[in-house]
Amino acid sequence: MTTTIEAVERLLSDLVRIDSVTPWLIPGAVGEGEISRFIADWCADLPVEVTIEEVEPGRPNTLVLLRGTGGGPTLCLNAHADTVGYENWGPQALTPRRDGDRLYGRGAADDKAGVTASLLALRSIVGSGIRLRGDLLLALVADEEGASIGTSHLIDRHAMDATIIVEPDELGKMITEHQGFGWVDIVAHGKPAHGSAPEMGVDAIVGLAEIVVGLDRIDRELYRANPDPLNGMTVFHTGTISGGTDYATYPGHAKLGIEIGTQPGETLADRVREIEGVIAEVEARRPGFTAEVHVALERDPFTGSKDSRIARVLSAASGRVDGRPLQATGMNAWADSGLTQGAGIPTVMFGPLGGNFHAPDEWASLSEIVTATAILEDAVVAYLGVGEG
Ligand SMILES: [Zn+2]
């Protein structure tokens with residue numbers, strides 16, 4: 001069945017109007033409770049089983065299962081129901097506005113476009129009268145923009161043979177790998193002393209500053225000089241810094257927070273080793289100064305394959321529907337694909353065009369959502385097969 005622009009605009013507008021900011025990013029934000037109830041209602045006339053799984057209070061995953069006739073695999077379409085905040089845009093962020101092919105609103109692209117395409121593909125499959133052999137599981141998950149508690153909870157509890165992460169990108173492409181990342185603290189120790197007693201004090205801030213300069217050198221000479229052909233330059237930037245006690249005292253401690261990426265084939269331990277090399281140089285120059293690395297959060301890179309069955313099926317579906325097989329590419333950001341593939345589930349990431357993610361004037365292309373919906377429908381049928389009877 002063909003999904004219309006009007007059907008996309010209606011559902012996407014309804015989803016944009018529902019605040020679903022993740023409280024992991026914005027303390028006190030409402031979470032995914034209301035959008036979950038909306039999705040359950042929207043599916044009420046479909047022959048599906050809807051399960052709302054509370055991951056944390058007010059933080060549900062919404063699971064919509066279309067059972068097959070049996071004997072086939074299970075395919076999961078995973079799109080996230082949460083968004084980042086809209087304080088950088090204002091309340092009009094929740095008022096959808098159409099201008100030509102674009103629909104503007106917080107989450108219009110990231111990832112309510114993905115939720116829309118997944119739900120409309122499901123409705124279209126049901127409407128076509130096809131009975132699938134395998135099971136189709138839509139997972140409209142919580143907290144992708146936070147700590148990914150939704151997808152973590154999902155893959156701990158539900159088996160699946162493949163996952164399509166439906167996230168905005170651009171038609172004609174699929175993402176089969178992306179960088180991992182670490183949030184890392186570097187804690188520096190000096191020796192506090194009266195400001196007039198330099199022979200007693202060890203300046204933790206000056207030592208940490210030399211570490212920052214050393215990390216910047218690695219960024220220029222190693223990361224920027226050797227971009228990954230698919231995922232670009234390894235991510236590195238400083239995020240936070242603090243230290244010392246007062247003007248009059250040698251600072252005995254200082255702390256730096258950084259974000260740093262890993263390419264497929266690398267682990268955060270590789271990055272930590274590089275950082276420790278810089279620390280050792282500074283320690284050798286500055287008697288009494290020490291520093292150590294603390295990893296606050298670690299996420300592995302996504303290492304899917306364009307040769308997995310799901311990637312081949314999706315690409316062929318794009319060829320049939322959109323006249324072009326998908327070009328496999330990577331990216332320098334992170335998504336829940338890192339978790340699903342990491343759990344051994346063959347994963348590919350795919351989605352319609354959008355722009356201004358996480359920023360004012362976020363938009364999604366309505367026509368690309370229509371086409372993405374048709375590609376997903378075709379791929380689901382091809383992957384799960386048609387049942388008997
Ligand atoms: Zn997203």
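It should be emphasised that the depicted structure is a prediction, and the values quoted were computed from it without experimental measurement. Remember, it's 1-based here, ligands and their atoms both numbered in the order they're listed.
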Is any NZ, NE, NH1 or NH2 atom of the basic residue among E34 and R37 found under 4.0 Å from an Asp or Glu carboxylate oxygen of the other? no
Side-chain ion pair, D169 and K173, N-O less than 4.0 Å: yes
For the Zn ion (ligand 1), which protein N/O/S atoms fall under 2.8 Å? Skip waters. H80 NE2, D110 OD1, E167 OE1, E167 OE2
Pair R157 + E53: basic N to acidic O under 4.0 Å: no
Sequence neighbours left out, what passes ring pair (Phe, Tyr, Trp, His ring centres under 6.0 Å) with F302? Give chain and number order. H178
Lys/Arg-Asp/Glu bridge criterion (N-O < 4.0 Å) met for R102, D99: no
If the threshold is 4.0 Å, N to carboxylate O, is there a salt bridge linking R59 and E54? no
